[in-house]
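What follows is one structure encoded as structure tokens, with my remarks underneath.
This structure is a prediction, so every number in the text was calculated from the model and none was measured.
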Amino acid sequence: MSAPFPPPAAPAGPHAAPPSTSLRGPVALTVAGAVLCVATVVIAVLVGRTFLNLLPTDLLTSDGQAGPGVVAEVSAPGQGTAQLEADTSYVVLLATSTSAGGDHVELEDDVVLVSPDGNEIVADRSPGVNLSASRDGTAVRSVGAFRTQEAGQYTVTAPPVSDGGTARVLLAPDQAFGPFFVGIFGSVFGVFAAIATAITGMPMLVIGIVWWRRRAGARAAGAAGPGAPGHPATAPR
């Protein structure tokens, strides 16, 4: 009786591909995430500075007095002088006390100015941007505007106030509506841009760092050779 044929040899299984140890992907992801995070900080700083520049923070000092943004101050009722620039728009502000219901006080008439050459200017125009501010019991709000014709010293006459008391009239450079609107729109857009870059950049940075560490560990184990702890050849079969 003939000997049985030996069973056919089992085909060799495919060898598992060695794990990739390239750092190109992790480095690219980490760097991209870091750049987006830095961009978030830069955008946030720019948005903050732009928004602060739009606020009328220079109309009043911390103790409620006229701030550096005010070019002239006159008691109402009363008369005074102001050194003004040529062909420039100014806003008229009424400063009242907040503790005595001053928010409801109005000027009984428009502020009147007389230019150096004797021309009369009535401050009955609407300001480009309505301004208001409040500090240390003093509130200011815009009540009119005017435009000068020539530079020099103007005489400013403020009318009485509606409650029969006294108040202050302040003059400050008017803000054009166009740049103000662009600043507001840019601030809103910047906030959304900062949120988008933060939401995208932070996960990319974290994932990139974790991925980088794993690839670096696999590369170090591969360089150590078989038998080293963590090398695939030392794993139990």
### Query
So does Arg214 have more than 12 non-hydrogen atoms from other groups sitting under 6.0 Å from CZ?
no
### Message
Using every non-hydrogen atom in the two residues, find where Val71 and Pro173 come nearest and quote the distance to one decimal.
### Response
CG1-CD, 4.1 Å
### Task
Output all residues satisfying salt bridge (charged side-chain N to carboxylate O under 4.0 Å, His left out) with Asp117, sequence neighbours left out; order by chain, then residue number.
none
### Query
OG1 of Thr50 to CZ of Phe189: how many Å apart, nearest 0.5 Å?
13.0 Å
## Note on the structure
Shortest non-hydrogen pair, Leu59 vs Ala172, comes out as CD2-CB, 4.0 Å
### Query
For atom CD of Glu150, is the number of surrounding heavy atoms from other residues, nucleotides or ligands below 6.0 Å larger than 12?
yes
### Task
List the steps, then state whether side chain to side chain contact (heavy atoms under 4.5 Å, CB included) holds for Leu84 with Thr88.
CA-CA 8 Å; Leu84 305 179; Thr88 304; over 6 Å; no
## Note on the structure
Of all heavy-atom pairs linking Leu60 and Arg135, the shortest is O-NH1, 3.1 Å
### Query
Looking only at heavy atoms, what is the nearest atom pair of Phe146 and Arg125, with distance?
CA-CD, 4.1 Å
### Query
Roughly how far, to the nearest 0.5 Å, is CG of Asp109 from OG of Ser162?
12.5 Å
## Note on the structure
Scanning both residues in full, the closest heavy-atom pair of Leu94 with Ala167 reads CD1-CB, 3.8 Å
### Message
Measuring from atom CE of Met204 to atom CH2 of Trp211, what distance do you get when rounded to the nearest 0.5 angstrom?
### Response
10.5 Å
